[in-house]
Structure formats: structure tokens, C-alpha cells
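A short worksheet on the structure shown next.
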Number of protein chains: 2
Amino acid sequence: MPRVRCPKCNNIEGILKAGIVRYRQRYYCKKCDYHFIITIVKNKNNQQSKWNEKQTSLKDIAQVAGLSITTVSRALNNRPDISIQTRNIIRELASTMNYQPNIVAQSLVKRVTHTLGVIIPSLETTIFSTMLSGIHEIAAKAGYKVIICVSNEKHETEIANLQALMNNMIDGLLICHTNQTSSFEHLRSHIGKRIPIVQFYRVALDLPVPQILADDIHGAQQVTEYLIKKGCRKIAILLGSKSLSISQKRLEGYKIALQKNNIKIDNKLLCHIDFSLEMVVEAIEKWLKLTPKIDAIISISDKSAVQIIRYLKKKKINVPDQIKVFGFGNEFVGEFIAPSLSTFDTNTKLVGEEAAKLIIEELITDVQILEPKIVAGKIIIRDSA
Amino acid sequence: MPRVRCPKCNNIEGILKAGIVRYRQRYYCKKCDYHFIITIVKNKNNQQSKWNEKQTSLKDIAQVAGLSITTVSRALNNRPDISIQTRNIIRELASTMNYQPNIVAQSLVKRVTHTLGVIIPSLETTIFSTMLSGIHEIAAKAGYKVIICVSNEKHETEIANLQALMNNMIDGLLICHTNQTSSFEHLRSHIGKRIPIVQFYRVALDLPVPQILADDIHGAQQVTEYLIKKGCRKIAILLGSKSLSISQKRLEGYKIALQKNNIKIDNKLLCHIDFSLEMVVEAIEKWLKLTPKIDAIISISDKSAVQIIRYLKKKKINVPDQIKVFGFGNEFVGEFIAPSLSTFDTNTKLVGEEAAKLIIEELITDVQILEPKIVAGKIIIRDSA
DNA sequence: AACGGAAACGTTAACGTTACCGATAGATAG
DNA sequence: CTATCTATCGGTAACGTTAACGTTTCCGTT
């Protein structure tokens, strides 16, 4: 027989066991028809580690001040309906008690987190980190935090990142697609829902989602025209994935320039790659075998252009006399390589800034601008062309 | 006289105005001693825009399933105390209703956000974005999100960022200090509180905060010894802010190497700068005036080293014959410049990874490792030395 | 039949904040 | 003096989720 006292009638007799709930014995008192479990009174002072330091809340301040939580909230949020005296008292109290508002609770009730999500293909490529820098700068100025997600140029990672970010926590999403990305179904299901989206740099042109683009068409056109003016006729061009806007648009600019100058477009001079060193080398070797010989190479990225220059140097092919080389992006390295790299400055930081501005504008005004915005760039002539 | 009916006694007579509350008329019924405001019944169907699409919550599922919220929560969280049948029913329902848990609410009650805050000086410098990449990689694998804050090498911005991040929202903080940062009081007040901190790369050595360091002493020592072996005796060194660990430690390694080889340390060969191009040039010009002539320059950063090489080239000073140049960091550009840059690879990505590992370990096990952890690097010999 | 065990559910109270509604006292106008 | 106003406060219910605790039902033992 268990020697247990009923907490209701205070009796010891007539108490039966009545099952076990979560590893604890349950009892039943016959006399007062009452089920109970012996509850161990917890020691409230069991502050095990230092992290247990609780943040002061509105409740704490209200208790000390002898006021209601509402009043304290009013005082700290500069609301009307409060006297200047109590306001000051509360504010002083809050500062001495080192009060910091709980942003999570605020977010829950306001349904706004002041956080932007950014999905980019890589952090170790200058253009992307530069764009991210631009995004962060504008976001920080507007009081937004930035959560980053790196897709590592992998389509599946991009999808996973999208899911993770879309769950909650963010007010808006900025996305720059993977080199691999050819289908955009994962994005489509989020369009027009709770969270606004902006695409930047690498975008899906036909998606009804606001987009910020570098001046790909004009850039490629200017570069090609410059090379033609310099006497080049067999101009090769290195492109990325076919489904990406940067490949399409830059190819478009390239073609426009050729057509304007009555030069036939030769498909053997076009090459779509994924920017690995092997594929770059493969492309050059194929081009070098052609006759008549090519006299210029335009690369869609500075990184590849630099590798091209190095390869040509190794093969004792003079740049720019035999083959002129043009890059895209104006990365740091281009200025210091010999011969220094001519390139088109896509103004990547500004692309990031504009993307951030666009989404913040949409968040504030609730107005979507679907017309693609193009960020102007400029051609930079150095020794390689 | 207002023609208003009392909602309590339904009378029209004896009703007086009784002030205005928030721009709305308030009335007082004499008969039943009752104050009231005519309340406009809100139109519940005022779904103005598409963002109003409410996420489905546990409550919604519970309502549809005819079960309690708790049971639904149990089913979706794979808790015991639930039958396999109802579990399946609820899970299916959740998927058809497209349920996504509200992370903000979870964070509020669990007091954990699964988010790390990172403060870095810049996003446009390769080493920092590379470290960030390492941090993100590890964090993502462990299921943590990453919020970035860029201090732009400004001390005040670092303080502001710290405040903003510490408020809430993050479970842990990773910080790499500004070039300017010489006082660390802003950090000190957060030590040992609710949120664990880890310093990386640029750290305050004497702070009781876990830290991840590059192998500054050995790196500088190896570089200096290599130069000495090559016959250099007047080795200049370009350093950052005096209060930073990277400056102190690298100077230490430099001195060790000199002392080992019985070479006197010449203070005129040391220079602390903030890495602006002007200060780099100023430093070189000062050094070039010295007699006997210097025969090597070690720069604390690759970026400056590249600028040094370019300056020397312009001045027709041969690198490496007249002056050998060594960098620190192994950035992309070093491989492509002519002469290619010898450097010490500090393994920056690994620094980021280790920092992230350290803080996640601390978050899980609640154990702090105050012993500084040093990430090994390796010397890379190219043409400039 | 009486008792004990276990599974499977429900209730309630948090977490910290804000929004909506209401209440009161003292001031003011007529 | 009475009717009205204004300024300043409090109460309560959300927001969506989890955790601690109770309850019910069904089944096997004695």
C-alpha cells in the first residue's frame, strides 16, 4: 500500500495507484474521487549556467514601476496617451535595467521580421560578394538584416535554400540563379504569395518577378564593336549556361554588333561552358584549330579571361597582337595581370544596390515593378585589346 | 442631443456625450450608469491584397481534423503519446494544406533561433568573403542560418552592428574586428552573457573569448627565414593596426626569425598602416631612401603586396633581383600578376570553418574553449621571391 | 468485480509584444 | 453646478508554438 497523502482531503487511507503517466506514479483517492500525481516542487533557484540570465522584459519593468505592461510599451514606443513624466520614468528604468526589446516577439505579433534573404551562387567569386556587399549596404541603411544562402552553383541547393528561407523569418527574397538552373518551377510556386521576390544579375526573363540586370546587351555590343573597329573579324565568345539571361543577352549584343558590321555569325565561335578550367582550355584548343585563325576572344567572366590569357602566353601566342582578349566584370585581378585585361565593368555593386532598393521599395509601398531594370556599365580598355 | 441607443438598456433618453477617445465619440447612459462607444463592426472579408494569404497554422489543421492543437503538434514533431493512425491523418492533412511551421513562434517559445551573426570588416576583400564562405558552409551543414553585418572597417559601425545583433534573433556571434578597433569595451560587456561569442582572424588576444587564429607567428617566421636564406638582410615589413593580433603576431614571427639569424631589428623597417594605397606608397618611398638599401618587403596583405610590385615596376626596380616581395593571404590575383607573388597561404576558408565549428560546438555542448586555436597555413613560393 | 497499467488524447499556461477597447479623474465650458 | 472633454492609465486578446500537466478509455490481472 502506498504511503501517500491525498492533496485534497489530506487522507492517507483509501488511496490507490492509478496508472503511470510519463514515468511517474499516478494515484486515486477513493474518498474525494480525485486523481493526482505527486508533484515535486521545482527549485526555482537552479540557475545552472550563466546563459540563464534572462533578458529583462516589459513585464519586469512594469512590475518595478508599478504600472501595466501596456503603459510601459507605450512609453518605449513613443506612443501618445501617456504623460511625459511616466514616460521619462519608464525610459530611465528601462535603460538602467538594460532593457532590450525581444525582436522575435515583435516579429510574431507584427508579422514582419525586417530581414531579407539572399540566395547567391557563391561567396568566393568577387562579383557575387560585391553584389552582396551592395545589397547589404542598402539593406542596412533601411534597417533590414540580411540572411545569406549560398547555392554553390548547384540547382538542388538553390531549391533547398529557397524552401528554407521561404518558411518564415524573411520579409523578402533576393535571388541570383545558379549556372545550372534551367527550370524555375521552384520559384514559380512562390510568386505572388506572401513574400515578394526580386531576381538579380542572373535572372529568368520570362518569370513575372521583378528583375535587376547588368547591361548585358549593350555591354557585349560595345565590346564586340570595339574589337571590330580594331580590325577583328573572327571573334570567339565564351558563354555560360544557355538558360541564363546573361548568356542570352550577351550573345544578343554580340550578334547585333556583328550584323551591324555585316559579319556572318559563325556558330563554331560560340561556346557554352560552366566555367571550370578544363572547359575553358577545351574551348580555346578547339578555337585555335580553326582556319582562318581567330583574332579575338570575349569571355563572359574575367576569371576565365585571365585563364585564357595565361594559356595563350604559355602557347607563345601574343596578346593582343595575335589574339585580343576581353573580359566581363572588371574584377581586381584584371588590372594587375600582364597584359592587363580589357573588360566591361558591369557595375556589380550597383546591381546589388538596385536589387535591394527595389525590394525594399516594394515592401514599403506594396507596388511591384515588373519592368526589368538595367544597370549601366562601362567599357574599360587596357592592354589585352 | 445625440440620437444614440444604449447597448445595455436599449434606451435613447438620458444619453450624454462623455468625451472623445481616439477620435471617436464616447457616450454615457444615465439610467444604467454605463459608458460606451459606438463600435463599427469590421468587415472580416476585407482581403485587400494578395499578401494577405495567411499561412496555415496548427490551429487550422486542428480545426479541420477535429483534434486539439497539441495533438497536431505532436503528430508533426514525431512525439510519442499519439497513435500511428491519427499521426498519419494529420501529416497528410498538413501536407495537403501546405503547412509550414512558423519559425518565429517556435523561436519565441524555444528561445533559440538557429541563427548565427557574423560581423566582418568588408565583403569586397577576398579573404573576408572567403572566411564568410567557410562559416556559411559549416553553419548550413549544422542547420544554422547566417546573418551578416559589415563594419566597413569602421569602429563605430562595429559597435552599432554588435548592438543590433545582440538584441535577440541570434544564438551566437562570430566577429572579426576592424582595422581601427583598438578598444574592446563594446565586446567586453557582452562576454559571458546569454549569447556566446567567437573571435576569428583579427582578434583581441587578452579577451576571455574563444578565438580562431591564422598561423601568424610561424607564417611570418617562415617567410622571413626564407628571405634570409635567399640572402636578404634588410627586410622591411608592412603591418596593420598595432592593437590587432595579426600585426602583433606577424611582427613577433618576423623578429624571431631575425634574432635566430643574428640580424638586428631596425625599427625604421617596420611600418603600421591602414592599407590605403597612399599609405602603401608613402611607406615604400620612405624605405627606398634608406641606406643600405632594403632587399625585401613583406606585406601583411596580398593586395598591398601587389600594389608594391606595381610601384616598384614603375620605378624600374627589378623584382625579385633588387627587392624581393612577399604577401600574406594567397589571393587569386597573386598567381596572375607578373612577377607572380610569393605569399603565405593563411588558409582563410578553413579559419572561417573552424570558427563556425567552434561556436556551434559551444552552442551544443555549452563548453567554452578559451585556448586560442591556430589554423595552419603554408608558404607558397613564386617568382617575386 | 475491483484494481492497476498504459495509450492517446485534451487543457492550460507560458514566450514577449502589440492592438483594441474601455475606464477614471481632473479640467473646462456653459 | 452640470455637461462635456481630455489626458492618462489598465485589461484582455491576439500572434503561433511548445511544455507541463490532467483526463479518458480500454485492456489485462488478481
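Below, chains carry the letters A, B, ... as their sequence lines are ordered, and counting in each starts from 1.
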side-chain hydrogen bond (donor to acceptor under 3.5 Å, both in side chains) against H177(B), all qualifying residues, sequence neighbours excluded
E158(B), Q199(B)
Under the criterion side chain to side chain contact (heavy atoms under 4.5 Å, CB included), which of V112(B), V104(B), I103(B), N167(B) is the partner of V104(A)?
V104(B)
Quick check against the 3.5 Å criterion: does T113(A) have a side-chain atom that pairs as donor or acceptor with the backbone of S107(A)?
no
Listed pairs, N/O of protein and of nucleotides 27-30 of chain D, under 3.5 Å:
none

From CG of D81(B) over to C1' of dT23(D), roughly how many Å is that when rounded to an integer?
12 Å
Run the side-chain hydrogen bond (donor to acceptor under 3.5 Å, both in side chains) test against R111(B) and tell me which residues pass, sequence neighbours left out.
none
Round to the nearest Å and state the distance from R26(A) atom CZ to dC3(C) atom P.
15 Å
So what does S83(B) touch, heavy atoms closer than 4.0 Å: a base, only the sugar-phosphate, or nothing?
sugar-phosphate
Between CG of L67(B) and P of dT24(D) the distance, given in whole Å, is 18 Å
Residue pair P208(B) / I191(B), side-chain heavy-atom distance below 4.5 Å
yes
When all nucleic acid strands are considered with a 4.0 Å heavy-atom cut-off, which category describes T86(A): base, sugar-phosphate, or nothing?
sugar-phosphate
So H190(B) and I197(B), do their side chains get closer than 4.5 Å, heavy atoms only?
yes
dC3(C) P sits how many Å from Q25(A) CD, rounded?
15 Å
Assign each of V72(A) and F36(A) the nucleotide of DNA chain D bearing its closest heavy atom; nearer the 5' end lies the nucleotide of V72(A)
In B/S/- notation (B base, S sugar-phosphate only, - none; protein heavy atoms under 4.0 Å), nucleotides 12-18 of chain D written 5' to 3' is B--BBBB
With a 4.5 Å limit on heavy-atom distance, are the side chains of E156(B) and H186(B) in contact?
no
Mind calculating the distance between CD1 (I82(A)) and C1' (dT8(D)) to the nearest angstrom?
8 Å
Between dA7(D) atom P and I84(A) atom CD1, what is the distance in whole Å?
13 Å
For the pair L165(B) and I195(B), evaluate side-chain contact (heavy atoms from CB on, under 4.5 Å) and give the outcome as yes or no after the intermediate values.
CA-CA 10 Å; L165(B) 280 180; I195(B) 297 171; over 6 Å; no
Side-chain contact, heavy-atom cut-off 4.5 Å: I61(B) with M97(B)?
yes
Please give me the minimum heavy-atom distance between V146(A) and A139(A), naming the atom from each residue.
CG2-CB, 3.7 Å
Taking five pairs at each terminus, the helix from dA1(C)-dT30(D) to dG30(C)-dC1(D) shows an axis bend, to 10°, of 60°
Distance-only criterion, 3.5 Å: show the donor-acceptor pairs between side-chain atoms of residues 82-90 of chain B and protein atoms not counting sequence neighbours.
| unit_1 | atom_1 | unit_2 | atom_2 | d |
| --- | --- | --- | --- | --- |
| S83(B) | OG | T86(B) | N | 3.3 |
| S83(B) | OG | T86(B) | OG1 | 2.8 |
| T86(B) | OG1 | S83(B) | O | 3.1 |
| R87(B) | NH1 | N78(B) | OD1 | 2.2 |
| N88(B) | ND2 | I84(B) | O | 3.3 |

Protein-nucleotide distance (R74(B), atom CZ; dA7(C), atom P), rounded to Å:
13 Å
